[in-house]
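Numbering starts at 1 and runs along the sequence shown.
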Amino acid sequence: GELIFVPSGWYHEVEHFTLAISINHNWLNASNVEEVWNFLQAEFERVKDKIDDVMASFESEGEAAWMDHCNKLMKLNCDFDIPDWLNLLSSASQTVKRCLDEEPTGERLREVEWVEERLSAVCQK
């Protein structure tokens, strides 16, 4: 068995010549959280722009219904939407808080602070 690790942001292509199992995860982590947020914002705007001709049909339901519809379409397109993002940020922030409450030291403290810094930068946008 062979294993290959590809760090976040590294473009790669894989071609299997024999039967293989591929396990992928961590497409979103603290190192690329800003890139993902920028993508999600741009994707949301693209969805709104693409269907702005039907926006008037949501006037009776209000802006919240329009935004909800845009989020549903966005989720269909990229399997993620703004509410998912906010839930993820909330969960990650709670995890960082729990880690800080444990009063980490050394390398663990640096890791937690590194994640906290990246989350804070995205939350401020």
Side-chain angles (χ1 to χ4, degrees):
E2 296 178 4
L3 172 76
I4 183 170
F5 170 75
V6 181
S8 287
W10 285 33
Y11 293 99
H12 64 284
E13 181 177 319
V14 178
E15 184 175 345
H16 299 282
F17 297 107
T18 61
L19 184 61
I21 295 174
S22 175
I23 301 172
N24 302 285
H25 68 92
N26 247 359
W27 65 270
L28 166 61
N29 57 43
S31 67
N32 67 358
V33 71
E34 285 190 70
E35 292 171 44
V36 172
W37 176 230
N38 291 337
F39 165 78
L40 291 172
Q41 288 176 303
E43 186 66 20
F44 190 74
E45 290 303 316
R46 275 191 290 275
V47 168
K48 286 186 353 188
D49 289 346
K50 289 289 184 185
I51 63 167
D52 68 345
D53 58 325
V54 298
M55 183 178 180
S57 66
F58 286 86
E59 283 182 9
S60 64
E61 299 173 56
E63 185 177 354
W66 167 249
M67 299 299 257
D68 184 50
H69 187 68
C70 291
N71 270 305
K72 286 178 184 174
L73 292 174
M74 180 179 162
K75 187 161 187 153
L76 288 170
N77 189 45
C78 63
D79 203 32
F80 217 77
D81 62 13
I82 302 301
D84 288 340
W85 176 255
L86 295 175
N87 287 335
L88 181 69
L89 283 182
S90 176
S91 177
S93 296
Q94 290 170 12
T95 299
V96 167
K97 183 184 180 320
R98 277 194 307 275
C99 289
L100 288 172
D101 288 346
E102 295 169 4
E103 298 181 8
T105 58
E107 185 62 28
R108 180 69 176 148
L109 177 60
R110 284 188 288 282
E111 289 171 1
V112 172
E113 288 174 339
W114 183 78
V115 171
E116 181 183 36
E117 177 183 306
R118 275 142 191 83
L119 288 175
S120 293
V122 169
C123 289
Q124 292 173 5
K125 287 187 173 187

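A perpendicular orientation is assigned to the rings of F80 and W85, their planes being inclined by more than 60° (bins at 30° and 60°).
Between V115 and R118 the shortest side-chain heavy-atom distance does not fall below 4.5 Å. The shortest side-chain heavy-atom distance between D84 and D81 falls under the 4.5 Å cut-off. Side chains of C78 and M74 form a contact here, defined as non-hydrogen atoms less than 4.5 Å apart. Annotation: side chain of H69 is in contact with side chain of I51 (closest heavy-atom distance under 4.5 Å). The closest side-chain heavy-atom distance from L73 to F44 is not below 4.5 Å. In this structure, K48 and D52 have side chains that are not in contact, with every pair of non-hydrogen atoms separated by 4.5 Å or more.
Separating the CZ atom in R108 from the CZ atom in R110 is a distance of 12.5 Å, to the nearest 0.5 Å. Interatomic distance, CH2 of W37 versus CG of L88, reported as 11.5 Å (0.5 Å rounding). Atoms CD and NZ, from E102 and K97 in turn, are 11.0 Å apart once rounded to the nearest 0.5 Å.
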- Message: With salt bridge (charged side-chain N to carboxylate O under 4.0 Å, His left out) as the criterion, how do E43 and R46 come out once you've worked through the C-alpha distance, each side chain's angles and the decisive distance to 0.1 Å?
- Response: CA-CA 5 Å; E43 186 66 20; R46 275 191 290 275; 2.9 Å; yes

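Smallest separation of non-hydrogen atoms from C70 and V47: O-CG1, 3.6 Å. Closest approach of L40 and I82 over heavy atoms only: O-CD1, 4.3 Å. Closest of all the heavy-atom pairs between V112 and C99 is CG2-CB, 3.7 Å. In plain terms, the two heavy atoms of H12 and V14 that are nearest each other are CD2-CG2, 3.9 Å. Taking both residues in full, the closest heavy atoms of L119 and S93 are given as CD1-N, 4.1 Å, listed atom of the first, atom of the second, then distance.
Counting heavy-atom neighbours within 6.0 Å of E107 CD, excluding the residue itself, gives a total above 12.
When atom types are taken as modelled, the side chain of S120 and the backbone of E116 share a donor-acceptor pair closer than 3.5 angstrom. Distance alone, capped at 3.5 Å, is enough to place a donor-acceptor pair between the N38 side chain and the E34 backbone.
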